[in-house]
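Predicted model, so just to flag it, every value in this text is computed and none were measured. Residue numbers run from 1 in the order of the sequence given. Every number for a ligand or one of its atoms is a count from 1 in the order of the listing.
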Amino acid sequence: MSLNDFIKQLDDLVESAAHSFENAIREVDKQILEETRVEYLGAKSGKLKEVQKNLGKVPKDDKPVAGKRFNEVKTRLEELFQSATEAIMGGGGKGKSEKLDVTLPGVRPRLGHIHPITQTIDELKDIMGRLGFSAVEGPEIEDDWHNFEALNIPLEHPARDPLDNFYLNVAASGTGGGNQLMRSQTSTVQIRVMENHKPPIRIVSLGRVYRPDEIDATHYAMFHQIEGLLVDTNVTMADLKYVLRLFASSYLGGDVEIRFRPSFFPFTEPSVEVDMRWQDTWLEFGGAGMVDPNVLKAVGYDPEEVTGFAFGLGVERLCMRRHGIHDIRYLYDSNTKFLAQF
Ligand code: PHE
């Protein structure tokens with residue numbers, strides 16, 4: 001083992017020990033303190049002992065330097081333990097000082113960071129912003145006008161099944177009235193925007209949607225969608241494909257191929273499933289289509305005058321695909337070790 005490697009090991013050891021002792025201090029926890037002591041300074045198999053074994057492997061000429069550094073690090077770890085003990089036991093630990101040693105390094109506050117899904121949302125908004133789409137928001141509690149009726153989903157449609165939706169047990173209220181539910185799709189926002197604005201429209205909306213799905217590696221009862229809507233004169237499916245391709249290439253990086261498979265959504269005609277090929281793998285990302293004339297009529301537009309496209313893609317899928325995450329549950333079980341990677 002080279003001197004440099006040995007010194008690197010020592011440096012890493014100090015850094016991680018400092019972290020762990022800070023953690024014990026932050027938690028004000030004697031047990032964590034003791035576990036940390038054993039982990040680093042334990043006489044039998046503490047990390048310091050482990051590193052010490054490598055001292056023998058350092059070239060003979062470098063030994064004096066290595067040995068000196070080793071002793072410094074040993075002292076440093078003992079100091080770390082000592083000051084953590086004092087911090088936790090309030091100075092009573094070893095009956096030593098109640099004095100405040102202002103020369104000791106401070107405890108660095110641990111900073112959190114933005115959740116990968118929020119990062120994804122910000123980035124997707126940014127990309128669509130550059131394509132001229134402004135971001136809008138809609139409520140997560142919806143009425144059946146916006147979640148179904150105006151989207152051309154009639155009363156007897158299976159999409160309204162109570163088993164497929166989170167209906168709320170409250171009296172009808174709000175615009176449109178009717179049963180309230182946690183929105184099952186962000187397409188609701190299409191209606192909200194079109195009700196209040198005249199064409200041309202060019203918006204995206206990113207947010208949570210809720211479905212009582214069985215939870216597994218690719219399903220969760222809450223997830224996020226990105227909804228896009230463009231209404232103008234002479235909008236075609238070619239525009240839709242072009243926008244999706246630019247969007248996906250910008251987010252995933254490199255070229256992305258878009259494939260449309262015929263599908264059905266009550267609020268688009270024709271409707272397609274959107275697949276994307278990135279790094280030689282095809283994956284389904286959501287649905288899209290040309291806004292159904294009935295939807296345009298429901299919001300008071302004239303389908304003879306304007307046409308539009310809409311799409312709804314899964315934000316988790318995009319994020320997971322880009323980062324190679326294979327289980328959606330990782331995103332939501334609040335494991336900071338996992339989340340800190342992004
Ligand atoms: N709202 C549809 C879904 O949740 C996706 C979609 C959006 C389809 C817009 C067509 C147009 O599955």
Do the side chain of N54 and the main chain of K57 share a donor and acceptor less than 3.5 angstrom apart?
no
Give a yes or no on whether a salt bridge exists between K30 and E34, defined as a side-chain N under 4.0 angstrom from a carboxylate O.
no
So, the side chain of E273 versus the backbone of R261: is there a donor-acceptor pair under 3.5 Å, distance only?
no
Going by the angle between their ring planes, with limits at 30° and 60°, are H224 and Y332 parallel, tilted or perpendicular?
parallel
For ligand 1, what is the set of protein residues having any non-hydrogen atom at a distance below 4.0 Å?
Q185, S187, Q190, R211, Q225, E227, F265, F267, T268, G287, A288, A310, F311, G312
Full working for side chain to side chain donor-acceptor pair (under 3.5 Å) between E227 and Q190:
CA-CA 8 Å; E227 187 86 12; Q190 293 183 31; 2.6 Å; yes
Under 4.0 Å between a side-chain nitrogen and a carboxylate oxygen: does that hold for R329 and E316?
no
